[in-house]
Every structure is written in C-alpha cells, then in structure tokens.
*Asks:* 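After the structure tokens below, expect a handful of questions from me.
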Amino acid sequence: MYIGGIEAGGTKINCAIGTTDGKIIEQTQFPTTSPEETAAKMLAYFRDKEISALGVASFGPIDINPSSPTYGSILDTPKSGWAHYNLIQTLKTEIKVPIVFDTDVNGAALAESYWGAAKNLSSCVYLTIGTGIGGGACIDGKLIHGLLHPEMGHIYVRRHPHDHYQGTCPFHHDCLEGLAAGPSIQKRLGISGAEIAEDHAVWDYISYYLAQAILNYTMILSPEVILLGGGVMKQQHLFHKIRQQFQEILADYIHRHPLPDDLESYIRFPELGDFAGLYGSLALALQK
Ligand code: ADP
Ligand code: ZN
C-alpha cells in the first residue's frame, strides 16, 4: 500500500510516493509559482498514482481546523497570490483519498519521531531556521495544534547587547524570526549567511537568540530532543555556539535534569536532514 506526500515550501514543492514504513519510492520537485499553476502540477503528478492517503506539509500559517469554513487554506502569507488560497479544496477536486494537512515543521517533527532522531523517544521539537523560523512539536506521538498551530518563530527574545539591528519581521520587527532567520543575517551585513566567516560576531547574536528560544521550548514543553534544520543550520559551528549559550543561560537550573553534559544529543541536526519536510508529508499521510 502506497501513500503520497506533498511538501509545499515557499520556493519549491516536493511530491513523493512512499511506503507505510517510510521509504520513498519516487519523487519530483518543481518551483512554487502561482497557486493555480502549482496546484495543477501537484494534481498532474498524482493523477496516475495509486495511493491510500495523502499528507500535505505546508509553509504557514495555514488553517488546519477541520471545522473551520476556510479549512485547508493558506492564511496571511506575504507570498504573492497565496494568501487565503485553499490548497486542500483544490486537491480534493481530483484526489479522493483522505488528505492530512499540517505545517511543514509539524510534519518534520512527526517524521523524526517515526523514522529519525526521535524514533526511540516520546517527544521532540523540530525547528527550522531558514527564510523564516518555524517549529513543530510531537509529544507522545501527537502533534501540538490548539488554537491554530505553534508559531515558534514569533516569540520574543532578549536582545544581545551589541546587536542593534531592528529585525525583519513585518509584524513584530525583532521577534526570534526577525532577528535570527536567514534574511536578518543578509540584511544586517549585505551578504548571505553562507559567505560570512565563522568567527563573525553575527553568529554570536544568532546563537544567543536560538539558545533563548530553545530554553523557552525546553521549559514549556520539556521535549527529549530539539532538532535544528533549515538553511542557516548549514553553519555547523552554530551547534557548538548554541549549546554553549544554552548551558550559560540555563544557569544550572534543573541541574539534575537528564540533560547530557555536552548537550550533543539534546540539541542536534535532524536525522532525516534536508528530507525531514518531505518525509514529514508522508508521516502526516500515515495519520489517516
Ligand atoms: P526555506 O526556509 O525557504 O525553505 P532554507 O531552509 O534553505 O529555505 O533557508 C533559506 C535561508 O537560509 C536563506 O535566508 C539563506 O540565506 C540561508 N542559508 C542557506 N544556506 C546557508 C548557509 N550555508 N549559511 C547560512 N545561511 C544559509
Ligand atoms: Zn514575528
């Protein structure tokens, strides 16, 4: 029995067919253009495929409340043409199997719980630090939803004393996403993160903000592992800096807590790596 997955990102779409034990049989990728053109390509891909359920892991914010009149739509996104587009309604015109719709990061957290870094644990937080910052949490096999879905990037953090950048978030300016996502690095310095030396002060700012965020998620959700993915985490030296800063601001609180001394297994790269989102869409399909 096969399942289908769509990872809908702001710049590209991945579609895949997989097995229920998490093996990808085939996949395709195309750029995210207008919603109508993009959805038509998704439908064309699945037209001749035999699947028993489809998972759609999307950039957010999205309406995932099945009793809402706008269930299945993308909410207020700056992505041109996509705000209030109902992707799931369009997919349902042709795809007659159950569809599970959730955020890309919730999907990734679920996939890491099934097949990745959290497979022997009962909880994890998955955070992506890319064009934006988003997070999902899987606790005892269940994804956190609630009012909408978690928006872990839009939390407030204490400023690094040497960082005077105003922040990129159009809503909050200097929330975590505004201060630590990829575009904030590029806008501070005029060059992309990939070109900035490891010893540049900006990495101290970024790791200070991410360490605070991780401290907050730790205190609120008590996950057994925190996975950091996304383009910015290609800077592997950040892991060491983040763990150090986290240790410092944790300040020996809960020192009997079962956190490992070196934090290497607590704050780490996702095991499914760049594919966490695509596996996430398949993991979502499995919920039906
Ligand atoms: P998206 O969030 O759009 O799905 P990514 O996770 O690839 O995509 O994140 C893109 C962001 O990550 C961009 O802001 C880019 O500048 C930044 N980025 C990509 N590669 C690196 C790198 N090696 N070092 C630092 N930043 C990077
Ligand atoms: Zn914000």
Side-chain angles (χ1 to χ4, degrees), residues 5-15 29-33 38 56-62 74-80 82 103-109 111-112 126-136 148-159 165-207 209-210 212-213 216 227-242 269-270 272-281:
I6 298 176
E7 178 193 15
T11 50
K12 59 186 184 321
I13 307 289
N14 283 302
C15 296
Q29 188 183 90
F30 44 87
T32 310
T33 54
T38 309
V56 181
S58 173
F59 67 95
I62 54 179
I74 315 284
L75 298 173
D76 290 304
T77 173
K79 176 98 189 133
S80 175
W82 282 83
T103 60
D104 44 7
V105 281
N106 253 350
E112 289 288 338
Y126 179 96
L127 199 68
T128 181
I129 302 102
T131 306
I133 294 183
L148 178 71
H149 46 70
E151 280 287 355
M152 298 195 190
H154 297 273
I155 62 168
Y156 286 86
V157 286
R158 206 178 276 181
R159 264 194 186 264
Y165 180 60
Q166 74 269 25
T168 57
C169 178
F171 301 96
H172 319 112
H173 308 291
D174 59 355
C175 63
L176 176 68
E177 177 173 299
L179 290 174
S184 82
I185 303 169
Q186 166 114 30
K187 286 196 178 134
R188 271 188 190 89
L189 300 167
I191 50 171
S192 93
E195 300 165 70
I196 299 167
E198 288 184 14
D199 60 356
H200 196 287
V202 75
W203 299 124
D204 297 332
Y205 309 162
I206 302 299
S207 44
Y209 300 133
L210 291 171
Q212 291 181 58
N216 293 345
L227 304 164
L228 306 180
V232 173
M233 295 314 297
K234 295 263 152 48
Q235 298 285 331
Q236 287 184 15
H237 59 96
L238 277 180
F239 279 94
H240 177 66
K241 293 188 172 88
I242 292 167
F269 196 68
L272 302 170
D274 292 338
F275 293 100
L278 185 56
Y279 280 104
S281 63

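All ligand and atom numbering here is 1-based and tracks the order in the structure.
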*Asks:* Output the atom name for the N/O/S atom of His172 with the smallest distance to the Zn ion (ligand 2).
*Replies:* ND1
*Asks:* Would you say His149's side chain and Ile62's backbone share a donor-acceptor pair under 3.5 angstrom?
*Replies:*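 Present.
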*Asks:* What's the separation between atom CE in Met233 and atom CG in Leu210, rounded to the nearest 0.5 Å?
*Replies:*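 It comes to 6.5 Å.
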*Asks:* Tell me whether Thr38 contacts the main-chain N or O of Thr33 through its side chain, where contact means a donor paired with an acceptor under 3.5 Å.
*Replies:* yes
*Asks:* Number the atoms of ligand 1 from 1 as they appear, then name those within less than 4.0 Å of a heavy atom of Lys234, with their elements.
*Replies:* 22 (C), 23 (N)
*Asks:* Has His237 got more than 12 heavy atoms of other residues, nucleotides or ligands less than 6.0 Å from its NE2?
*Replies:*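 For His237, atom NE2 is crowded (more than 12 foreign heavy atoms under 6.0 Å).
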*Asks:* For atom 13 (C) of ligand 1, which candidate among Gly132, Gly9, Gly182, Ala181 provides the closest heavy atom?
*Replies:*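 It is Gly182 whose heavy atom sits nearest to atom 13 (C) of ligand 1.
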*Asks:* Does Gln235 have a heavy atom less than 4.0 Å from any atom of ligand 1?
*Replies:*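 Gln235 counts as a contact of ligand 1 under the 4.0 Å cut-off.
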*Asks:* Within the 4.0 Å heavy-atom shell around Gly230, which atoms of ligand 1 are there?
*Replies:*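 Once the distances to Gly230 are compared, the set is 6 (O).
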*Asks:* For the Zn ion (ligand 2), decide whether Cys175 has an N, O or S atom at a distance under 2.8 Å.
*Replies:* yes
*Asks:* Is there side-chain contact between Leu189 and His200, with heavy atoms separated by less than 4.5 Å?
*Replies:* yes
*Asks:* Supply the atom-to-atom distance His172 NE2 to Leu179 CG, rounded to the nearest 0.5 angstrom.
*Replies:* 12.5 Å
*Asks:* Taking C-beta and beyond as the side chain, do Ile13 and Glu7 meet within less than 4.5 Å on heavy atoms?
*Replies:* no
*Asks:* Give the residue, atom name and distance (to 0.1 Å) of the protein heavy atom nearest atom 2 (O) of ligand 1.
*Replies:* Thr131 N, 2.9 Å
*Asks:* Nearest protein heavy-atom contact for atom 26 (N) of ligand 1: which residue, which atom, what distance?
*Replies:*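 In this structure, atom 26 (N) of ligand 1 has Val232 CA, 3.7 Å as its nearest protein heavy atom.
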*Asks:* Please confirm whether Gln186 comes within less than 3.5 Å of ligand 1 when only nitrogen or oxygen atoms on both sides are compared.
*Replies:* no
*Asks:* I'd like to know if the side chain of Trp82 reaches the main chain of Gly10, judged simply by a donor and an acceptor atom lying under 3.5 Å from each other, with no hydrogens or angles considered.
*Replies:*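 Flag not set: sc Trp82 to bb Gly10 has no pair under 3.5 Å.
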*Asks:* Starting from the Zn ion (ligand 2), look over the N/O/S atoms of His154 and name the nearest one.
*Replies:*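 Of all N, O or S atoms in His154, the Zn ion (ligand 2) lies closest to ND1.
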*Asks:* Quick one: which of Ala194, Gly229, Gly134, Gly231 has a heavy atom closest to atom 12 (O) of ligand 1?
*Replies:*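 Looking at heavy atoms only, the winner is Gly231.
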*Asks:* Strictly less than 4.0 Å: does any protein heavy-atom distance to atom 4 (O) of ligand 1 fall in that range?
*Replies:* no
*Asks:* Using a 4.0 Å cut-off to any heavy atom of Pro183, which atoms of ligand 1 qualify?
*Replies:* 14 (O)
*Asks:* Salt bridge or not between Arg159 and Asp174? Use side-chain N to carboxylate O under 4.0 Å.
*Replies:*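 Result for this pair is yes, salt bridge flagged.
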*Asks:* Might you check, step by step, whether the distance between atom 15 (C) of ligand 1 and some protein heavy atom is under 4.0 Å?
*Replies:*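 Given the 4.0 Å limit, the answer for atom 15 (C) of ligand 1 is no, no protein heavy atom qualifies.
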